[in-house]
Structures are given as structure tokens and as C-alpha cells.
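Naming: A, B, ... by sequence-line order, numbering from 1 per chain.
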Amino acid sequence: MSGVELASLVEQRLRERGFEAQAVRSVVKVKATPERLRELAEEVLRMGFDHLASIEGIDWPQDGVIEVVYHAESYREDLRGVLVEIRVRAPRDTPRLPSLIDVWPNAILLERETWEMLGVVFEGNPDLRQLLLPPDWSGPPPLRKDFKVVEEGVYVDVE
Amino acid sequence: MSTLSEQGGVIYSRLIAREGDESTYELFIGPQHPASGHMRFIVRLEGDVIVSVDPDIGYVHRTMEKLAEGREVIKSIPLLERMTIIDSHNVTLGLVRAIEKLLDVEPPPRARYLRTLLSEINRIASHLYGMGIAGIMLNHSTMFMWAFGDREVWLQLAEELTGARLTHTYSIPGGVRRDLPQGFADKAEKAVRYMERRLKDYMAVFFENPQVRARYEGVGVLKKSEASRLGIVGPNLRASGIKYDARLAEDYAAYSELEFEVPTHEEGDAMARMLVRIEEIKQSMNIIRQILRKIPDGSILADKYVRLLPPPLREQVAKTGRVKFPGIFATLKLPEGDAVSRVEMGHGEIFYHVTGNGSTKPYRLRVVTPSFRNVILFRYLAPGHRFMDFPAIYGSLDYFPPEADR
């Protein structure tokens, strides 16, 4: 079975459970609410997607939301061409989501990074400490759009 | 914890860093240690048995995702390849694939073969680097010097092909930057024959050395079910018996037209991880031979972009085999939407997710590198071992600090 056919099978199964799913090429895109995130994750795990390839946050300041995107992946031979993409939106001023480390254990570092870079609090993750930034970092989470990188000019100003 | 989590066989308590009481001894390794590279481990010991390892990876944080969001997308290719400078083409290939999917461009067949060729040269060089470092961590300086010396053979081949020793910036959306130089096939064949001979020496001096075997065998065992649940990638995954490779899962470059095997081992210990790398080098050399035999003729840049060149320049590009960028390359507009791509690097699978919003800069560029996904293994594998096993485990994971610390 090709990746595309398989993706549509996965899509169908998630639709039956009442999730908004759509297969684009070999990526199954699913939208979830923070309340149903856990239910969806367990369903995706049961289908065989047993670890995450990535967790990322996308900041949309104009909508006032932070979108957290999970990509679940599988090493099973029949599932290996397919990725399941889960998108959850959280309010930008108080982004809180349930932690998924007991569904996907390798979320532990990925959630920690997203917490650090976008300020999303994952409730239940015991390990939310600075990972890449220095421990005394203060200031807005750096991957939010209101954090501007200060760049040095190309030319040295001559007085 | 729910019952769901216990099915996979992952021991959760090993993943949480613990403080320990007064009987635990806290040892900081790095960030300037010759073995640790630019990272620090906080190792907690009871006697000389490791209780927990907390990898503190943020010592070269280069904010690549953020910097890439502030630049034209074409500029992120030379930026991101500095992440894993020893494997720079495989790193950027994933990014280029994601951009191509967004822009809806396909590279011509010759370009796909050339990409595969450089990827395999890079993979061999990357494995040799990893083996050399693993050697010096066991105080085996011969392995270190041999592997680093032999890596030069492959760097010279890559330089011949691309003009740069390490930062090749070879793949561009829609093709590659340079054609195959004259007489390349002979040089590559020579290099392959030399390497085949050297691999036998490596086996005799390092892998069959009773000292090395004693340090590696049965150390840091990762079970099949754990490897899958923890999302481990690359040779570390295949050494635990899972036959997964992004070259098989994702259709990119010319891999679907070439014959190769994905070597696996069942043991999952440090020795198996090293042996998988040796076998992968052999497979890579097999792929290089196939490419040089059956590389198709034709253009190296997609027609869509070649047409944008003025006719005299188009002729010059065809004649010299070197691409002069059409002006539009500086301001390629990424359409609204997103694209995902996965590519197999020497260290494992690299993941890209590029989100465009109609401007020339990517709205969000997410990259998850293989070393970042494997870093969880320090926490998971080390507890329970003696402290002397720590360098052996570290070396066998082929971990590259600047790559985890994008």
C-alpha cells in the first residue's frame, strides 16, 4: 500500500472518531482542541505511531494564538511513509496544554524546548527547565514574533 | 501514568533527572572536556555506579530557527548547513526538499543522482568522524588518527565535486550548483578501493581488539521496543534491530532507483552500533559505484529556472556545468502553506517543517536534528552502568553537540 492510500485510511479512522482530519500527500493533518488533545494522541498511538518526530510552536500574534504542532511518526514497515500532524491552538497570553510524555516518552525534551522557546506550559511535564538558553535568561520567549534579533550592521561606522 | 504508557516497555523513571540525597556524588563533565565537546553532563554517582545523567546541551546555541525566519529562504541553506558541518550536504538536502515541495519544483534526474552522490560521500566522512571520536574516548589514539586521516580522502572528493571542503551549499531549489567534474569517476573508484582495504585494518586493530570488545559488548543495551518508543534515529536505531531508514521511507534524491541494503543488528549494545556504521560505509560505497555507472545525462537545474536565464548565460551554464543563479533566486516567494520533509543523515533522520506566508522569508522553519532526538539516550542508557562505561556509551552514540544545539 502506498503512503498516500495509507494516509487516507488513517484520515478515515480519525474522522470516525469525530476529529477534523485531512490527508495531504502522505501527511495526515488533524486539528484538535486542548481538551481533546490527549484523546487524539492516544488514538494516534493506538494506530501505531509510537513516537514523535517533532513538537514545534508557531506564533500568530495577529490572531492572539500560539499553535503547537506535533508530528507523530512510526517505524513499522506499513506505516513508515506516513506522518500524523496534530495542530492545537492555545491563547497567546496564557498558553497551557496537557503534557503528552506518558503517551510519547520522547516528548520530554521536545516539550521542554517548546516551553523555553515559546512559553507554552505543558502541565504534567516535571522537567520544564532551560535547555538551550542560559539558566538566567530573562525576556520574552525568543521564538515569539515580538522578540527581535538585534543584528550588527555589515559595515563598521567610521566616526 | 496511564496503562497505555506501560505497554511500550519504556522505564519512565530513567527519563527524569533526579537530585539524589547526600550519598550521591555529583560530577560535572564539560563543557570544555576533550570528550564531551561543547556540552555538559551532570552525572550523579553512587560509588562509581551512575544514578542519573542530565545532559545540558545549550552551549553553542546559535538560534538557527530564529535567524532563518529573518532571511530570504535561499540564505538559510548556507546558514543551516553549519549545524552539522561534518555532514553538511545531508543537512541542507532536507531543507531544499521542503522548499521544493512548497515551491512545487522537481529537480531533473541528473541533479537527483548528483545529490545522492554527495550525500553518500558525506555519510562516509561523517561515520569516520564518529568512529574516530569514539576511538579517542576509549584512549585508542590509532583509531582516532586513522579515521580522521581517511576522512580526508572523502573530503577531497567532495571538494573536487563542489569546490568546498566542508560547507558545500551544493543543492539549491530545483537542482544542484555544479556538474560532475572530468575524471571524477576514476578518483572515486580509487577512494572506494582504498577504503575497502582500510576497513579491514579497522576491524583488525579496533573492532577485534579484545580490550575494545570488553568495553563495548553488552554495554548500553537498547531494546527494540524502547528504541522505537523513544524515537531514536539512525545507526543507533538500526543497531537495535529496527529496519528503518528515511531513505526508504521518504522518496528523495535517487534512492528509489538504486539498490542498497539497510544493515541492522539485533544486540542493541555499543558494539552493534559501531558495527552498523562500518556496514553502512560499505553500502555507501556500493551506492557511489552504482551512481557513477548509471548517472543519466541532462540538465542539472529545473527547466522552470533555466528559462529565467538570459540566452547567453544559459549557454554558458550548459557549457561549464556551473549554475549562475537567476536573479529570481534571491527573492523566491514561499507560497502560503507548509511542507514537511525527512532525510537520512549520517547520524540519523533530520526533520524539516517549513511554513510559508507568501513572503520571501519563511514564517516558521522548524528543524529537529538526529542528535537532538538521540540526546535522550544519555539519560536512558547510562543509569546502572559504571562510570567507566560512560565514555564508551557516549562514543558509540555518535553524538554531535552543535547539531543538537541548533
Side-chain angles (χ1 to χ4, degrees), chain A residues 3 24-27 29 38 41-42 45-46 48 50-60 67 69 71-77 79-83 85 101-110 113 116-117 125-127 129-135 137 142-145 147-149 151, chain B residues 1-2 4-8 10 12 15-17 54-61 63 65-67 69-70 101 225-233 237 242-246 248-251 337-340 342 349 351-353 355 363-364 366-368 372-373 375-376 379-380 404-406:
Chain A
V24 183
R25 276 185 272 193
S26 56
V27 182
K29 301 188 171 190
R38 210 179 165 78
E42 287 177 6
L45 172 64
R46 247 178 259 127
D50 64 351
H51 61 268
L52 289 174
S54 143
I55 298 179
E56 72 185 292
I58 307 178
D59 187 17
W60 303 97
E67 195 170 27
V69 187
H71 279 95
E73 192 189 45
S74 176
Y75 292 148
R76 262 170 45 189
E77 207 156 308
L79 290 177
R80 67 187 174 194
V82 184
L83 278 172
E85 179 187 294
I101 54 170
D102 51 337
V103 182
W104 288 306
N106 74 326
I108 192 162
L109 284 168
L110 293 162
E113 192 196 356
E116 172 181 50
M117 292 298 169
N125 188 326
D127 213 26
R129 296 173 288 138
Q130 301 290 8
L131 177 68
L132 301 171
L133 298 172
W137 170 266
L143 275 179
R144 289 205 181 181
K145 291 290 170 191
F147 181 88
K148 293 270 178 271
V149 182
E151 297 208 22
Chain B
M1 298 277 161
S2 68
L4 251 175
S5 57
E6 281 142 25
Q7 290 165 6
V10 170
Y12 276 83
L15 293 174
I16 313 288
D54 188 14
D56 185 2
I57 60 181
Y59 280 88
V60 265
H61 189 48
T63 62
E65 288 178 11
K66 184 76 180 177
L67 287 175
E69 284 168 20
K101 280 182 190 172
S225 57
E226 295 169 338
S228 174
R229 288 287 279 145
L230 294 171
I232 305 308
V233 288
L237 170 78
I242 297 178
K243 197 170 183 172
Y244 173 86
D245 192 311
L248 299 175
E250 196 91 338
D251 184 21
D338 61 327
V340 173
R342 291 178 289 172
E349 174 190 291
F351 172 91
Y352 279 99
H353 183 215
T355 308
Y363 188 77
R364 179 83 168 90
R366 171 64 166 165
V367 43
V368 183
F372 186 73
R373 282 174 71 179
V375 82
I376 199 166
R379 282 186 171 187
Y380 198 77
D405 194 6
R406 310 166 302 263

So A/L131 and B/F372, side-chain contact (heavy atoms from CB on, under 4.5 Å) or not? Walk me through it.
CA-CA 11 Å; A/L131 177 68; B/F372 186 73; 3.8 Å; yes

Most contacts with chain A, counted as non-hydrogen pairs under 4.5 angstrom, among B/P55, B/A246, B/G58, B/A404
B/G58

May I ask you to name which of A/L132, A/V149, A/N106 has the most heavy-atom pairs under 4.5 Å with chain B?
A/L132

Given that the side chain runs from C-beta out, which part of B/D245 has a heavy atom under 4.5 Å from chain A: side chain, backbone, both or neither?
neither

For the pair A/Y75 and B/Y244, name the ring-plane relationship: parallel under 30°, tilted 30 to 60°, perpendicular over 60°.
tilted

With B/R366, which of A/E113, A/E85, A/E56 fulfils salt bridge (Lys or Arg N to Asp or Glu O under 4.0 Å)?
A/E113

What part of B/T355 is in contact with chain A, defined as an atom under 4.5 angstrom from a non-hydrogen atom: side chain, backbone, both or neither?
side chain

Per-residue contact mode, B/I242 against chain A (heavy atom under 4.5 angstrom)
side chain

Taking every non-hydrogen atom, the tightest pair across A/K145 and B/Y363
NZ-O, 2.7 Å

Please classify the contact of A/E73 with chain B as side chain, backbone, both or neither, using a heavy-atom distance under 4.5 Å.
side chain

Looking only at non-hydrogen atoms, find the nearest pair between B/R229 and A/D50 and report the distance.
NH1-O, 3.0 Å

What one should report as the nearest heavy-atom pair of A/H71 and B/H353 is CE1-ND1, 3.7 Å

Region of A/L143 that comes under 4.5 Å of a non-hydrogen atom in chain B:
both

Just jot down the side chain to side chain donor-acceptor pair (under 3.5 Å) partners of A/R76, sequence neighbours excluded, or say none.
A/D78

Non-hydrogen atoms of A/D127 and B/R379 that approach each other most closely
OD2-NH2, 2.8 Å

Heavy-atom cut-off 4.5 Å, strictly under: side chain, backbone, both or neither for A/P105 against chain B?
both

List the residues meeting side chain to side chain donor-acceptor pair (under 3.5 Å) with B/K101, not counting sequence neighbours, and say none if there are none.
B/E250

Which heavy atom of A/K29 sits nearest to which heavy atom of B/D338, and what is that distance?
NZ-OD1, 2.7 Å

Go through B/G231, B/A249, B/G70, B/S228 and name the one with the most non-hydrogen pairs under 4.5 angstrom from chain A.
B/S228

What option among B/R342, B/E65, B/E349 has the most heavy-atom pairs under 4.5 Å with chain A?
B/R342

Supply the atom-to-atom distance B/K66 NZ to A/R144 CZ, rounded to the nearest 0.5 angstrom.
11.0 Å

Any salt bridge between A/E67 and B/R364, counting N to O under 4.0 Å?
no

Does any backbone or side-chain atom of B/A227 lie under 4.5 Å from a heavy atom of chain A? Answer side chain, backbone, both or neither.
backbone

Option in B/V60, B/T63, B/I232 with maximal non-hydrogen atom pairs under 4.5 Å from chain A
B/I232

Go through the atoms of B/V233 and report whether side chain, backbone, both or neither lie under 4.5 Å from a heavy atom of chain A.
both

Would you indicate whether A/Q130, at its atom CD, is surrounded by more than 12 heavy atoms from other residues, nucleotides or ligands within a distance under 6.0 Å?
yes

Hey, which of B/V367, B/L67, B/D56, B/V368 has the most heavy atom pairs under 4.5 Å with chain A?
B/V368

Hey, what do you get for CD1 (B/I57) to CG (A/L109), rounding to the nearest 0.5 Å?
6.5 Å

Using heavy-atom distances under 4.5 Å, tell me whether B/L237 contacts chain A through its side chain, its backbone, both, or neither.
side chain

Does any N or O in the side chain of B/H61 come within less than 3.5 Å of the main-chain N or O of A/L133, such that one atom is a donor and the other an acceptor?
no

